[in-house]
Protein chains: 2
Amino acid sequence: MPSTQNPYHQLQQFISAAMPIDDEQLDIFCKKFRHKTTKRNEILLQAGDIAPYIYFVNSGCLRVFMLDVNGKESTRFLVTEGRFGTAFPSFNLQEPSLAAIQSIEPSDVLYISQHDFHALLDTFPGWEHVYRISLEKDYIASIKRIESLITMDAKQRYQLLMETSPTLIQRLPSKIIADYLGISQETLSRLKSKR
Amino acid sequence: MPSTQNPYHQLQQFISAAMPIDDEQLDIFCKKFRHKTTKRNEILLQAGDIAPYIYFVNSGCLRVFMLDVNGKESTRFLVTEGRFGTAFPSFNLQEPSLAAIQSIEPSDVLYISQHDFHALLDTFPGWEHVYRISLEKDYIASIKRIESLITMDAKQRYQLLMETSPTLIQRLPSKIIADYLGISQETLSRLKSKR
DNA sequence: GTGGCTTATTGACAAATGTCAATAATTTAC
DNA sequence: GTAAATTATTGACATTTGTCAATAAGCCAC
């Protein structure tokens, strides 16, 4: 696994594929990120705190989830290898987060503070462009999720997820898949058994 | 109503408040947009077509909605005065749209092609920044909508909408509010009567 | 490897929401 | 202003999904 040798390898690939940048600048860019490995189920952000960091996942999986007063969890977002993720409303607006962040697998991540992240936008002319494109993609993904939630029933949403992200379903415990789909664990279990 | 005198007035306000720009440049910017008034229920984009335009609403209200095989409509997005809106995935990726766009009130709008819109990003240095900030806001709004859909029941979602957008509820037919909340018209009617 | 904890499955039932139909109220178009 | 169309409400019932509980299966830590 490359990340054990150079934790910045994947981020370097990501950035240099997205915008023209020379090696020296790329190094300066990446060094703004710090490196961390996490344990299974480690909490990276408590609900109620202000999200200080955005993460880039080298390996593993982060989960952004909410916990209601009855203890019911709802997974808002899942972040796997090669992707950025955080509790976005909190990170962006620097207000207390409704959601917590947890690494559901032992993970290898880079992270950068909100201040440094925004400083990159000023320092690297191409970065605002790359970030904007990335926002467009994330926004489209969230629109598609809204569509599925308002137009599909539980079974259709599960089938859609099987088509679009079969690896997620294999990889994650089904209680988390159920949370993500907005249905109960029992309903998901029944969907799976009844064809 | 200012828009009857100068249809660009509101867009000028919007842009000059968001980025430093002199009057001449502002004029060049705004003239990339064309002006149109719509009739009630006029369809601006058919589902299946590629969204050519993004709209800026001077007055009235646009609705981005999906229609399933059984004729059930689901409202994905509502766009009111002073806001940009389109069938975003289609406009951005230039692929056929799952959603249609309709002006549910007689409306006064500006519109610009995808090509011209992106050309503005190159021509006006500040515009990429303003657009990025706007994307962040829209993305956050969509995350909050996902949260409400996966954590709240119909009554809670309706109460939330009453708190955050009371004017929308007054202004739009309740069948559209119901579509937007992802519930049936009858369920919404019952929620309203039962306190 | 074993014990203990977490997760998954299944059943019985309850609650929420949808569907269909009939009627009432409202709005629109002319 | 009036007729026609659309929208809203309400009832009866069906369906979906959730909840609780019991058990089974899987997995993790030591």
Side-chain angles (χ1 to χ4, degrees), chain A residues 38-43 60-61 63 65-75 78 102-107 148-162 168-195, chain B residues 38-43 60-61 63 65-75 78 102-107 148-162 168-195:
Chain A
T38 67
K39 286 177 290 191
R40 187 181 127 83
N41 290 337
E42 181 173 338
I43 296 291
C61 181
R63 171 187 179 227
F65 71 102
M66 283 161 302
L67 184 65
D68 76 9
V69 287
N70 305 317
K72 190 191 142 201
E73 295 185 352
S74 302
T75 295
L78 293 166
Q102 177 188 40
S103 85
I104 45 187
E105 299 174 348
S107 301
S148 74
L149 289 167
I150 61 178
T151 65
M152 295 177 170
D153 64 18
K155 180 182 218 161
Q156 292 172 315
R157 297 206 295 276
Y158 177 63
Q159 286 173 339
L160 179 64
L161 190 65
M162 280 200 299
L168 269 191
I169 292 181
Q170 294 171 339
R171 170 175 178 178
L172 299 180
S174 61
K175 63 175 292 191
I176 287 179
I177 299 296
D179 285 350
Y180 182 74
L181 293 171
I183 61 180
S184 72
Q185 198 178 153
E186 293 92 333
T187 296
L188 178 56
S189 176
R190 289 181 176 111
L191 289 179
K192 287 197 286 191
S193 62
K194 287 177 191 168
R195 195 175 46 86
Chain B
T38 67
K39 286 178 289 192
R40 188 182 126 82
N41 291 338
E42 181 172 339
I43 295 291
C61 182
R63 170 186 177 228
F65 71 102
M66 283 162 302
L67 185 63
D68 75 10
V69 286
N70 304 317
K72 189 192 142 200
E73 296 185 351
S74 302
T75 295
L78 293 166
Q102 178 188 40
S103 84
I104 43 185
E105 300 173 348
S107 301
S148 74
L149 289 166
I150 61 178
T151 64
M152 294 178 172
D153 64 19
K155 180 181 216 159
Q156 291 172 316
R157 296 208 294 278
Y158 177 63
Q159 286 174 339
L160 179 63
L161 190 65
M162 280 201 298
L168 270 191
I169 292 182
Q170 294 172 339
R171 169 176 179 177
L172 300 181
S174 61
K175 62 175 293 195
I176 288 179
I177 299 294
D179 286 348
Y180 182 73
L181 292 171
I183 61 181
S184 72
Q185 198 179 153
E186 294 92 333
T187 295
L188 177 56
S189 177
R190 289 180 176 112
L191 289 179
K192 287 197 284 190
S193 63
K194 288 177 191 168
R195 195 172 46 85

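Here the structure is a predicted model, which means the values were calculated and not measured. Scope of the values below: all heavy atoms of this structure, side chains included, with no hydrogens, waters or symmetry mates. Lettering of chains follows the sequences in order, A, B, ..., and the numbering in each one begins at 1.
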Colleague: Can you find a pair of side-chain heavy atoms, one from P106(B) and one from K39(B), that are under 4.5 Å apart?
Modeller: no

Colleague: Under the rule for side chain to side chain contact (heavy atoms under 4.5 Å, CB included), what residues qualify as partners of S174(A), not counting sequence neighbours?
Modeller: L188(A), K192(A)

Colleague: Just to verify, what does T151(A) make a side-chain hydrogen bond (donor to acceptor under 3.5 Å, both in side chains) with, not counting sequence neighbours?
Modeller: none

Colleague: How would you list, by chain and number, every residue that makes a side chain to side chain contact (heavy atoms under 4.5 Å, CB included) with Q156(A), sequence neighbours excluded?
Modeller: M152(A), D153(A)

Colleague: From the list dA16(C), dT9(C), dT9(D), which nucleotide is the closest neighbour of the side chain of S189(B)?
Modeller: dT9(D)

Colleague: Give me the distances for all protein-to-nucleotides 20-27 of chain D N/O pairs that come in under 3.5 Å?
Modeller:
residue : atom : partner : partner atom : Å
dC20(D) : N4   : E186(A) : OE2          : 3.0

Colleague: Starting from the 5' end of DNA chain D, give me the residue, L172(B) or G182(A), whose nearest nucleotide shows up first.
Modeller: L172(B)

Colleague: Nearest whole Å is fine: how far is dA29(D) C1' from N41(A) CG?
Modeller: 13 Å

Colleague: Quick one: on DNA chain C, does T187(B) or T187(A) contact a more 5' nucleotide (nearest heavy atom)?
Modeller: T187(A)

Colleague: Can you name the residues that form a side-chain hydrogen bond (donor to acceptor under 3.5 Å, both in side chains) with S107(B), not counting sequence neighbours?
Modeller: none

Colleague: Which residues pass the side chain to side chain contact (heavy atoms under 4.5 Å, CB included) test with T75(A), not counting sequence neighbours?
Modeller: R63(A), F65(A), L78(A), I176(A), D179(A), Y180(A)

Colleague: Does L188(B) reach a base, just sugar-phosphate, or nothing at all? Heavy atoms under 4.0 Å.
Modeller: nothing

Colleague: Side chain of I183(B) only, please: which of dG18(C), dA8(D), dT9(C) is the nearest?
Modeller: dG18(C)

Colleague: Using a heavy-atom cut-off of 4.0 Å across all strands, would you classify S174(A) as base, sugar-phosphate, or nothing?
Modeller: sugar-phosphate

Colleague: Rounded to the Å, how far apart are I176(A) CD1 and dT6(C) P?
Modeller: 14 Å

Colleague: Determine, step by step, whether I183(B) and L191(B) satisfy the side-chain contact (heavy atoms from CB on, under 4.5 Å) criterion, reporting the C-alpha distance in whole Å, the side-chain angles of both residues, the deciding distance to 0.1 Å, and the verdict.
Modeller: CA-CA 11 Å; I183(B) 61 181; L191(B) 289 179; 4.1 Å; yes

Colleague: Just the rounded figure in Å: distance from P of dT19(C) to CG of D179(B).
Modeller: 12 Å

Colleague: State which residues pass salt bridge (charged side-chain N to carboxylate O under 4.0 Å, His left out) with E105(A); sequence neighbours excluded, sorted by chain then number.
Modeller: R171(A)

Colleague: Going by the rule side-chain hydrogen bond (donor to acceptor under 3.5 Å, both in side chains), which residues pair with S74(B) if we only count those two or more places apart in sequence or in a different chain?
Modeller: none

Colleague: If you only use heavy atoms from C-beta on, which nucleotide in dG18(C), dA8(C), dT7(D) is closest to the side chain of P173(A)?
Modeller: dA8(C)

Colleague: What nucleotide, of dT17(D), dA8(D), dA8(C), holds the atom closest to the side chain of A154(A)?
Modeller: dT17(D)

Colleague: Where the side chain of D153(B) is defined as all heavy atoms beyond and including C-beta, which of dT17(C), dG18(C), dT17(D) is the nearest nucleotide?
Modeller: dT17(C)

Colleague: Would you work out how much the helix from dG1(C)-dC30(D) to dC30(C)-dG1(D) bends between its ends, with each end axis defined by five base pairs, to 10 degrees?
Modeller: 70°

